[in-house]
2 protein chains.
Amino acid sequence: MTIPYESRRASGLSPEFALLGLVEIEPAHGYELHQKLHQQLGEIWRASRSQTYNILARLEEQGYIRGRTEAQANRPSRRRFELTSAGRQRLEEWLITPSTPSAHAIRVDFMSRLYFLYQRDPQAALTAASRQAEVVASHLEELKQRQAALDPQMRFNRLGAGLRIRQLTSLLDWLREVGHEIGNGT
Amino acid sequence: MTIPYESRRASGLSPEFALLGLVEIEPAHGYELHQKLHQQLGEIWRASRSQTYNILARLEEQGYIRGRTEAQANRPSRRRFELTSAGRQRLEEWLITPSTPSAHAIRVDFMSRLYFLYQRDPQAALTAASRQAEVVASHLEELKQRQAALDPQMRFNRLGAGLRIRQLTSLLDWLREVGHEIGNGT
DNA sequence: CAGCTTATACTCACTGAGTGACTATTCCGT
DNA sequence: ACGGAATAGTCACTCAGTGAGTATAAGCTG
């Protein structure tokens with residue numbers, strides 16, 4: 001059995017879905033997508049240009065987007081990408097699936113999801129935020145129990161676990177605040 | 001001019017230095033190092049066995065460690081690694097250089113440093129912690145200013161920046177607590 | 001108006017992170 | 001006696017991420 005990609009690499013996030021989302025809003029070529037990523041989600045993702053192209057190439061290879069070369073007079077020709085139906089499906093699935101409860105995943109993956117959901121419907125974003133908060137909260141409980149069970153001798157392991165717990169706690173606060181902020185339109 | 005490795009990849013942390021540190025304490029072979037990494041720093045790093053071997057291979061290629069194959073009767077032969085002088089130098093340098101001020105770097109890179117420093121001399125660990133706290137604090141100020149300067153229209157960029165600030169703040173609290181905890185020996 | 005930088009648009013070759021599957025042998029428990 | 005853990009390591013792979021390079025036209029500067 002082939003283990004699906006998502007579970008194989010819960011970390012290792014890249015702006016893959018953000019690019020799918022941008023392409024869905026409007027088909028565009030790589031250079032343009034890279035710019036949008038920077039302007040609109042620049043505090044979230046920091047992909048280099050070649051990284052953006054890399055991801056687009058992979059997405060095309062995997063059949064989630066399809067690019068068509070457009071020749072231009074007086075300019076380098078370019079490839080305009082659009083979603084395939086597989087890509088659309090993948091995007092929709094991502095939009096309704098909470099991120100893994102790590103600080104990093106929330107900051108990049110969840111934030112991207114929130115961005116796209118909000119554009120469609122602020123209410124959907126609100127729902128996503130509270131579902132995400134639940135996932136984080138339950139993971140937090142789990143971590144707390146695990147820490148309690150850690151060998152007290154393993155001091156640095158405990159400290160490490162303690163940091164995680166703290167970070168998740170402040171993450172949770174933030175998630176709830178985001179819910180509020182979206183709720184009452186600023 | 002070649003840009004040095006460290007600044008090229010401030011993120012992308014791997015248990016590279018943790019392995020150097022373990023080898024310094026006691027020369028060992030890969031399997032053993034992997035186990036120690038798990039037992040002693042398992043809450044911090046989660047490297048697979050092959051990942052550990054990968055890193056060891058690279059470290060050897062780069063001249064930081066040197067491995068000698070030991071044949072064993074009735075067991076697969078193994079390679080015992082020890083630090084080279086370049087490796088020792090690299091390790092010492094790492095030990096006195098604060099981590100980049102991101103949550104992830106603190107959790108893995110800084111924690112590892114603290115672990116090794118503490119074994120040598122709790123006082124050194126204390127110093128490292130307060131130096132690290134300074135670095136984080138100053139980065140935090142920078143972020144706050146950058147957030148204030150962000151276009152308020154870019155709501156999601158602001159939210160993203162806000163989250164970073166929160167995470168860094170709780171990080172800083174934790175760092176100071178760690179200082180205390182080390183200070184009064186429990 | 002010659003010459004410089006900047007913007008457009010993409011390609012390539014690379015190092016490094018991280019995983020899973022595989023090879024072999026020995027020891028241990030049932 | 002026999003299956004499974006433990007010991008010890010290799011291999012081939014995908015994905016993350018960077019820097020340098022290619023080519024052309026628009027814009028501006030002295």
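Each chain gets a letter, A, B and so on, in the order its sequence line appears, and its residues count up from 1.
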For B:His104 and C:dA17, give me the distance from atom NE2 to atom P, rounded to whole Å.
12 Å
Set of residues satisfying salt bridge (Lys or Arg N to Asp or Glu O under 4.0 Å) with respect to B:Glu32, sequence neighbours excluded
none
Interatomic distance where CD belongs to B:Glu60 and P belongs to D:dG9 [whole Å]
12 Å
Degree of bending in the helix from C:dC1-D:dG30 to C:dT30-D:dA1 once both end axes are built from five pairs, to 10°:
20°
Counting side-chain heavy atoms from CB outward, which of D:dG9, C:dG16, D:dA16 is closest to B:Arg58?
C:dG16
Could you work out, with ring-ring contact (aromatic ring centres under 6.0 Å, His included) as the rule, every residue matching B:Tyr115, not counting sequence neighbours?
A:Phe156
Once you round it to whole Å, what is the distance between C1' of C:dA9 and CZ of A:Arg78?
9 Å
So, applying side chain to side chain contact (heavy atoms under 4.5 Å, CB included) with A:Pro101, which one of A:Ile106, A:Leu143, A:Val136 is it?
A:Val136
Donor-acceptor pair present, B:Asn54 side chain and C:dG18 base, under 3.5 Å
yes
How long is the line joining CD1 of A:Ile55 and C1' of C:dT11, in whole Å?
16 Å
Please report, rounded to the nearest Å, how far the P atom of C:dA17 is from the CG atom of B:Asp109.
12 Å
Specify the separation, in whole Å, of atom CZ of B:Arg79 and atom C1' of D:dA8.
12 Å
Would the distance check show the side chain of A:Thr84 and the main-chain N or O of A:Gly63 forming a donor-acceptor pair, the cut-off being under 3.5 Å?
yes
In whole Å, what is the span from the CD atom of A:Glu61 to the P atom of D:dA16?
13 Å
Taking side chain as C-beta onward, heavy atoms only, is A:Ile55 less than 4.5 Å from A:Gln51?
yes
Residues in salt bridge (Lys or Arg N to Asp or Glu O under 4.0 Å) contact with B:Arg107, at least two apart in sequence or another chain
none
B:Trp94: what forms a ring-ring contact (aromatic ring centres under 6.0 Å, His included) with it, not counting sequence neighbours?
B:Phe17
Stretch residues 28-53 of chain B: residues that reach within less than 4.0 Å of DNA chain C through a heavy atom:
B:Ser48, B:Ser50, B:Gln51
With the threshold set at 4.0 Å, does a side-chain nitrogen-carboxylate oxygen contact exist between A:Arg164 and A:Glu142?
no
For the pair A:Glu43 and B:Arg158, find out whether any cationic side-chain nitrogen is under 4.0 Å from an anionic carboxylate oxygen.
no
